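This is a predicted model, so every value here is computed, not measured. Residue numbers run from 1 in the order of the sequence given. Note that these values count all heavy atoms, side chains included, but never hydrogens, waters or copies made by symmetry.
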Amino acid sequence: MNTISIIGAGIGGLTLGNILKQHQYDFTIYEAAPEIKPVGAGIMMAVNAMQVFDQLGLKEKIENAGNKVHRIVIANESLQPISKTEILELEAQYNSCNVAIHRAELQRILAENLSTESIQLNHSLQKIEKRENYILDFENGNQIESQIVFGADGIKSPIRNQILKTGTIRNSGQKCWRGLLDFDLPEKHHQEAFEMWGKGKRFGFVKISDKKVYWYACVNEKSFGRSVEIADIFNDFDPLVLQLIEATASENIICNTISDLAPIPQWYSENLCLIGDAAHATTPNMGQGACQAIEDAYIIGKLLEKSQDFNTIFKTFQSIRRKKVDYIVNTSRTIGKVSQWERGNSLRNFLMGLIPETMNQKMAKKIIELEM
C-alpha cells in the first residue's frame, strides 16, 4: 500500500518528488519509460522555475549543466531585432536567472536527488479505479493500491481521462521540428534566446551548454506540405539558420504537432490531483510549460507547510494557480498565432517594435513572480 503515488517522471513529477522529500513524505513515482534517457531537446528554465530549484538546493547544479540566458530577442528573417527583453534587473531582484538546458540533463539532476527506489521505471499506467483507495493497474502486470495520487502524466493524461473524464486537446495548426547539435554560435548569441519571425513560420535557437545548441522551427501546417524539406522552407532566412539545420544529424531532429489543453473545470478529485500538462498543457511559445509544472509542485509544498489535509490542499492549490495558468495558456496561444501570420508581417514587426522595453519587462515579471 502506497501513501502517495506520482504518475509520470517528467520534470513536474520529479520536482514534486523533490518537494515531498523536503517535507519528509514517503512517495513513489511511476514512469512508463524503461529508463530516463536523453530524449527530447533543449528547454528553458525561466526565473520562476529557478527560484524553486534554489529552494531545493539544486540551482547551482542546473546552472552548471546548462547555459545562463540574460535576454530574449525577437528578430526578422535577417536577424534584425524587432524586440529585446533584457532580464538582468529581474535576475538581480529574484537572485536567479534563466537557464537553457538539455531536458534529459535536467531530469537526471532531479532524479539523482531522489532515492533510486522512489522511482519505478517501466510502469505505464493502464487503468486507475477509485475504491476505498485508488487501484493502479500497470501494463507490466503490477497492481498498486494508493491513498493519494498525483497525475503528472502529461497532456494525454490517462488519470484525467479516467477519473475526471474531461479534457479537450486543441491542435494549434502548427508543427515544430526541434534539433540538437554541437555548434559554435557567434559570441553575441551566447547569452540570449533568439527567435526569428517570418511568413507563416519562425525559427529559434539557444545555447544549452558549452558546445550544444538547441534550435526549433515552427510552421503553419496548412501552408507547408508534408514532403517539404525543412531546409527548403527556411532558405529565405539568414544563412545561420541553414547552417544550423544542415549541421544537425537527422536522428537528432524530432517533429511534433503543437497542441494545448482547453481549460478544464477541475484539476482534482477526492485524494487525487493533476499537475503540469495533465491539468493545463500550454503551447511552448512562452517557454512556460515545464516551468508551470514546477510552480505547481512548489505551491503544493507551500500548502503542505500549513496543512496535512490533501483534499483541502488540492482545492486551495487550484484556486491559487488557476488565474496564472489560464493567462499563460491563452497568451501563449495568441503569441503562436501572431508570430506565424502569413500577411501583414511588416506592420506586425513595426508595431512589436513600438512596445516599450518596460512593458516587456512587466510581462516577464508577471510570469516569473511566484504566487506564495
Side-chain angles (χ1 to χ4, degrees), residues 11-12 15 18-19 22 41-75 81-103 105-107 109-110 113 185-195 204-216 282 284-299 301-302 321 324-325 327-328 331-332 335 352 355-372:
I11 290 162
T15 304
N18 276 279
I19 297 250
Q22 203 177 40
I43 191 167
M44 177 86 86
M45 289 289 100
V47 172
N48 50 335
M50 293 307 296
Q51 289 173 80
V52 178
F53 293 142
D54 192 13
Q55 292 182 24
L56 287 168
L58 296 171
K59 182 175 84 164
E60 277 186 30
K61 257 189 187 170
I62 291 166
E63 286 177 351
N64 293 338
N67 176 48
K68 294 180 183 179
V69 172
H70 303 305
R71 92 183 58 82
I72 316 287
V73 182
I74 293 173
I82 299 165
S83 94
K84 278 186 185 180
T85 310
E86 297 283 350
I87 39 192
L88 283 166
E89 268 180 48
L90 289 170
E91 290 173 7
Q93 191 181 336
Y94 293 104
N95 190 32
S96 295
C97 63
N98 288 343
V99 177
I101 188 171
H102 193 306
R103 188 181 278 269
E105 270 298 287
L106 178 61
Q107 279 180 280
I109 290 167
L110 292 170
N113 204 44
L185 269 184
E187 197 168 335
K188 62 180 178 183
H189 298 310
H190 281 194
Q191 253 61 59
E192 62 188 22
F194 203 92
E195 184 168 287
F205 58 84
V206 67
K207 188 175 152 84
I208 62 167
S209 66
D210 284 347
K211 297 222 170 27
K212 289 251 180 282
V213 172
Y214 161 57
W215 60 259
Y216 56 90
T282 179
N285 306 305
M286 292 167 82
Q288 276 291 317
C291 296
Q292 288 308 304
I294 291 159
E295 262 194 61
D296 286 348
Y298 163 79
I299 293 292
K302 281 284 169 207
R321 294 287 293 131
K324 184 171 183 178
V325 296
Y327 166 75
I328 284 169
T331 310
S332 186
I335 291 170
M352 280 276 298
I355 297 170
E357 166 107 18
T358 50
M359 203 164 153
N360 290 334
Q361 299 239 355
K362 209 171 163 185
M363 183 176 173
K365 189 176 165 74
K366 183 175 180 174
I367 293 162
I368 64 182
E369 204 148 44
L370 296 174
E371 291 165 297
M372 278 180 91

| Considering only heavy atoms from C-beta outward, does the side chain of Leu106 approach that of Val99 to under 4.5 Å? | no
| field | Nearest non-hydrogen partners of Arg71 and Ile87, listed with the distance | value | N-CG1, 4.1 Å
| field | Residues, nucleotides or ligands: over 12 heavy atoms within 6.0 Å of Met372 CE | value | yes
| request: Check the pair Val47 / Leu90 against side-chain contact (heavy atoms from CB on, under 4.5 Å), numbers first and verdict last. | output: CA-CA 8 Å; Val47 172; Leu90 289 170; 5.7 Å; no
| Are side-chain heavy atoms of Ser83 and Asn360 found at a separation under 4.5 Å? | yes
| Neighbour count >12 (heavy atoms, 6.0 Å) for atom CD, Glu89 | no
| Looking only at atom types and distance, does a side-chain atom of Lys207 sit under 3.5 Å from a main-chain N or O of Asp210, one as donor and one as acceptor? | yes
| field | Main-chain N/O of Gln292 paired with Asn48 side-chain donor or acceptor, under 3.5 Å | value | no
| Just by distance, do the side chain of Gln191 and the backbone of Lys68 share a donor-acceptor pair under 3.5 Å? | yes
| field | Distance in Å, Tyr94 OH paired with Ile368 CD1, rounded so as to fall on 0.5 Å steps | value | 5.5 Å
| query | Does Ile335 offer a backbone N or O that forms a donor-acceptor pair with the side chain of Asn285 under 3.5 Å? | reply | no
| With a 4.5 Å limit on heavy-atom distance, are the side chains of Thr15 and Phe53 in contact? | yes
| task | Answer yes or no: is there a donor N or O on one side and an acceptor on the other, between the side chain of Asn18 and the main chain of Leu110, under 3.5 Å? | result | yes
| query | Hey, what do you get for NZ (Lys365) to OG1 (Thr358), rounding to the nearest 0.5 Å? | reply | 13.5 Å
| Looking only at heavy atoms, which two atoms of Gln288 and Thr282 are closest? And how far apart? | C-CG2, 4.4 Å
| query | If only atom types and distance count, is the side chain of His190 paired as donor or acceptor with the main-chain N or O of Leu185 below 3.5 Å? | reply | yes
| query | Would a 4.5 Å heavy-atom cut-off, applied to side chains only, mark Leu58 and Asn113 as touching? | reply | yes
| message | Hydrogens and angles aside, do Asn95 and Gln51 bring a side-chain donor and acceptor to less than 3.5 Å of each other? | response | no
| remark: Here the gap from Glu105 atom CD to Ile43 atom CD1, rounded to the nearest 0.5 Å, amounts to 13.0 Å
| field | Reference residue Lys324; test side chain to side chain donor-acceptor pair (under 3.5 Å); the match among Glu295, Glu369, Glu371 | value | Glu295
| note | Looking only at heavy atoms, the pair that brings Ala65 and Ile109 closest together is CB-CD1, 3.8 Å
| field | Given Glu86, Glu192, Glu91, the one that forms side chain to side chain donor-acceptor pair (under 3.5 Å) with His70 | value | Glu91
| Does the side chain of Glu195 come under 3.5 Å of the side chain of Tyr216 through a donor N or O and an acceptor N or O? | yes
| Once you round to the nearest 0.5 Å, how far does CD1 of Ile355 lie from CE of Met363? | 9.0 Å
| request: Report yes if the side chains of Met50 and Asn98 come closer than 4.5 Å at any heavy-atom pair, otherwise no. | output: no
| request: Working to the nearest 0.5 Å, report the span between SG of Cys291 and CE of Met286. | output: 10.5 Å
| task | Could you tell me how the ring of His189 sits relative to the ring of Phe194: parallel (under 30°), tilted (30 to 60°) or perpendicular (over 60°)? | result | perpendicular
| field | Nearest atoms (heavy-atom pairs only) where Ser209 meets Asn67 | value | N-CB, 4.1 Å
| field | Shortest non-hydrogen contact from Tyr214 toward Ala41 | value | CE1-CB, 3.4 Å
| request: Identify the heavy atoms of Ala293 and Gly12 that sit nearest to each other, and give their distance. | output: CB-CA, 3.8 Å
| query | What's the spacing between Gln55 CD and Ser96 OG if we round to 0.5 Å? | reply | 9.0 Å
